[in-house]
2 protein chains.
Amino acid sequence: MTRAVKRTTHQGIREAIRARIISGEWKLGERIPGEVALAEEYGCSRTTVNRALQTLAQEGMVERKRKGGTRVRPLPTSQAQFRIPIMREQVESRGHRYSHRIESREVRVPPMAIRKQLELPDNDPAAYVESLHLADGKPFAFEKRWVNLGSVPAFSDADLSHESANEWLVRHVPFSRGEVRLSASAANAKQARLLGTDKGAPLFTMHRLTWFEERTITAIELSFAPGYEITFGV
Amino acid sequence: MTRAVKRTTHQGIREAIRARIISGEWKLGERIPGEVALAEEYGCSRTTVNRALQTLAQEGMVERKRKGGTRVRPLPTSQAQFRIPIMREQVESRGHRYSHRIESREVRVPPMAIRKQLELPDNDPAAYVESLHLADGKPFAFEKRWVNLGSVPAFSDADLSHESANEWLVRHVPFSRGEVRLSASAANAKQARLLGTDKGAPLFTMHRLTWFEERTITAIELSFAPGYEITFGV
DNA sequence: TTCAATATTATGTGCATACATAATCACAGA
DNA sequence: TCTGTGATTATGTATGCACATAATATTGAA
């Protein structure tokens with residue numbers, strides 16, 4: 001898999017500079033040559049070097065300050081990007097057939113912790129949906145979801161027979177930001193039964209909370225069947 | 001906190017377009033106007049619109065194809081960025097004192113799975129280190145690490161009394177890329193004992209494999225004490 | 001009708017240029 | 001010595017332009 005990037009493209013220069021940083025040519029925290037110098041060295045315009053360096057800064061590999069110049073980040077904060085998994089995409093990309101099943105659906109006052117997360121006035125009810133995501137008919141993930149009806153009143157009448165709650169919400173309330181928490185938890189009786197495992201089995205769990213503008217939309221707890229992993233490159 | 005971004009900067013246009021997507025003006029999967037049209041609408045050059053759209057594409061908000069145009073992502077695959085946690089940073093940023101303890105250290109032939117990951121010739125030994133990361137003296141994470149001595153022979157003589165294996169490696173072998181796997185696993189007897197929990201307790205686990213150029217460097221398994229979470233915004 | 005060559009189109013990229021802005025430095029004046 | 005004002009420097013950003021490239025549409029020949 002040879003990388004055939006030309007030397008004077010912003011990508012090529014970005015990788016060249018990255019390599020020089022990795023090779024240790026410039027030490028951690030050290031200032032690297034200015035844009036003009038690099039442009040001259042690589043025989044390209046400053047614009048191109050600028051773009052390369054900006055990208056590296058975005059990735060967290062270097063820090064830039066006006067006048068201060070560009071320097072290698074003190075600690076290699078290698079940050080990773082990964083996509084929030086979408087159930088259907090995830091299942092289908094592995095060549096399985098996706099389906100989902102609503103286990104229960106009701107409107108009631110959520111427990112304290114959820115009220116707080118959703119910033120819900122006391123005694124205000126919210127929609128609660130429990131559902132199971134399946135791959136080729138086999139349980140894949142169990143989802144507990146609370147939807148803030150103050151923000152999304154239409155959810156009460158949503159038809160969830162053909163699309164999941166997530167898909168419905170995505171189509172009706174584009175969300176602007178969210179918060180994700182990843183953890184491990186022990187399966188309770190219900191989770192064990194639905195996911196076909198034993199009580200106490202370690203489950204990979206994802207909590208998600210999403211907002212649209214300044215309003216909370218939905219709080220989700222997803223427990224994945226044993227063996228599930230998130231993988232990504234750095 | 002008013003946003004005082006001018007309307008003809010690439011940032012301003014990026015946010016304007018983002019707002020229009022979020023507001024639902026263009027539906028999911030729908031094609032949005034071309035660069036030329038947008039440039040005309042906003043009274044700026046195509047270059048500027050191009051940059052705004054490229055950023056949005058990088059963020060995963062839109063998909064772009066040559067000739068195909070730019071369209072809103074069918075499902076908002078909001079990608080998240082998170083930093084690979086550095087133990088010391090993580091512990092200290094929470095106001096605790098970081099320390100670590102080597103539990104065992106030896107050189108031996110690793111099990112099959114590790115040999116395969118490290119692309120190690122059969123019967124080649126590797127360095128094996130078990131260590132415990134502590135926050136204020138309390139166990140925080142248990143680390144099992146294999147180091148490819150073919151790539152990093154100097155590791156044999158590394159002094160790990162003052163810095164962790166990871167810190168030593170980072171200073172001596174800047175790594176270029178890595179792969180991360182997140183999962184949940186049940187604590188075995190040793191993990192339970194060292195992390196002060198029960199056998200079978202669900203542990204948040206991170207596997208990491210790093211390369212420098214085309215050589216594998218180290219394979220790590222980190223098991224976090226119960227209650228550990230990774231959190232990040234989207 | 002079918003398939004391959006060609007034209008069209010929207011985005012991708014590099015460059016020269018001009019000006020903006022932030023940080024720093026040197027020097028003059030109090 | 002202290003201070004502020006302007007010069008210098010390095011990065012930030014917008015623009016017009018030319019050309020590259022990929023995907024699609026069209027055309028023409030077999």
Side-chain angles (χ1 to χ4, degrees), chain A residues 1-18 20-21 25-27 29-74, chain B residues 1-18 20-21 25-74 77:
Chain A
M1 195 164 67
T2 349
R3 187 96 51 74
V5 179
K6 270 167 208 141
R7 289 206 25 195
T8 58
T9 66
H10 68 94
Q11 292 174 33
I13 287 168
R14 161 161 49 84
E15 294 313 318
I17 293 175
R18 192 206 303 284
R20 290 170 78 174
I21 290 174
E25 178 174 339
W26 301 305
K27 299 208 172 38
E30 189 176 318
R31 182 166 161 174
I32 74 175
E35 297 186 347
V36 181
L38 287 170
E40 204 167 314
E41 179 179 345
Y42 286 108
C44 67
S45 75
R46 188 174 74 87
T47 318
T48 307
V49 172
N50 180 281
R51 182 150 181 197
L53 288 176
Q54 284 208 27
T55 310
L56 286 175
Q58 232 183 320
E59 288 177 19
M61 182 139 264
V62 298
E63 271 175 344
R64 322 191 69 201
K65 266 207 306 209
R66 276 184 168 139
K67 169 71 180 177
T70 303
R71 45 187 71 234
V72 182
R73 271 201 79 124
Chain B
M1 195 163 68
T2 349
R3 187 95 53 73
V5 179
K6 271 169 206 140
R7 293 211 20 201
T8 59
T9 66
H10 67 94
Q11 293 174 32
I13 288 168
R14 161 162 50 85
E15 294 313 318
I17 293 175
R18 192 205 302 285
R20 289 171 79 175
I21 291 174
E25 178 174 339
W26 301 305
K27 297 206 172 39
L28 300 178
E30 188 175 317
R31 181 165 162 176
I32 74 175
E35 296 185 348
V36 180
L38 287 170
E40 204 166 314
E41 179 179 342
Y42 286 107
C44 65
S45 75
R46 186 174 78 87
T47 316
T48 306
V49 172
N50 179 283
R51 180 148 182 199
L53 289 175
Q54 283 206 28
T55 309
L56 287 174
Q58 230 181 320
E59 289 177 19
M61 181 139 265
V62 299
E63 268 175 344
R64 321 190 69 200
K65 267 204 307 210
R66 279 178 167 143
K67 168 71 181 179
T70 302
R71 44 188 70 233
V72 182
R73 271 205 75 123
T77 349

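Letters A, B, ... mirror the listed sequences (proteins, then strands); counts begin at 1. Side chains included, hydrogens not; waters and symmetry mates left out as well; all remaining heavy atoms used.
- Looking only at side-chain heavy atoms (C-beta outward), A:Leu56 and A:Arg14 come within less than 4.5 Å of each other.
- Listed nucleotides D:dT13, D:dG16, D:dA18 differ in distance to B:His10; the shortest reach to its side chain belongs to D:dT13.
- Checking the phosphate oxygens (OP1, OP2) of C:dG12, a side-chain nitrogen or oxygen of B:Asn50 falls inside 4.0 Å.
- Closest non-hydrogen pair, B:Pro33 versus B:Leu38, comes out as O-CD1, 3.6 Å.
- For B:Gln11 and D:dG12, the shortest distance from a side-chain N or O to OP1 or OP2 is not below 4.0 Å.
- Distance CD (B:Gln54) to C1' (C:dG14): 12 Å, rounded to an integer number of Å.
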Give every pair of a protein N or O atom and an N or O atom of nucleotides 8-10 of chain D that lie under 3.5 Å apart, one pair per line with the distance.
none

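- Scanning for side-chain hydrogen bond (donor to acceptor under 3.5 Å, both in side chains) contacts around A:Arg51 gives B:Gln54, with sequence neighbours left out.
- Nucleotides of DNA chain D nearest to A:Leu53 and A:Thr47 differ in position, and the one nearer the 5' end is that of A:Leu53.
- In this structure, B:Arg51 atom CZ and D:dT13 atom C1' are separated by 7 Å, rounded to whole Å.
- A search for side-chain contact (heavy atoms from CB on, under 4.5 Å) contacts involving A:Glu35 returns A:Arg46, A:Val49, A:Asn50, A:Leu53, A:Arg64, not counting sequence neighbours.
- Residues that satisfy the side-chain contact (heavy atoms from CB on, under 4.5 Å) test with B:Ser45, not counting sequence neighbours, are B:Thr47, B:Thr48.
- Between the two ends of the helix from C:dT1-D:dA30 to C:dA30-D:dT1, each summarised by a five-pair axis, the helix axis turns through 0° (rounded to 10 degrees).
- Rounded to a whole Å, the CD atom of B:Glu40 is 16 Å from the C1' atom of D:dG16.
- A:Arg66 is linked by a side-chain contact (heavy atoms from CB on, under 4.5 Å) to nothing, counting only residues two or more places apart in sequence or in another chain.
- Residues passing the side-chain contact (heavy atoms from CB on, under 4.5 Å) test with B:Glu40, sequence neighbours excluded: none.
- Below the 3.5 angstrom threshold, one finds a donor paired with an acceptor across the side chain of B:Arg46 and the base of C:dG12.
- A distance of 8.5 Å separates CD1 in B:Ile17 from OG1 in B:Thr70, rounded to the nearest 0.5 Å.
- By the salt bridge (charged side-chain N to carboxylate O under 4.0 Å, His left out) test, B:Arg20 pairs with B:Glu25, B:Glu41, sequence neighbours left out.
- At whole-Å resolution of the value, CD in A:Glu63 and P in D:dT11 are 14 Å apart.
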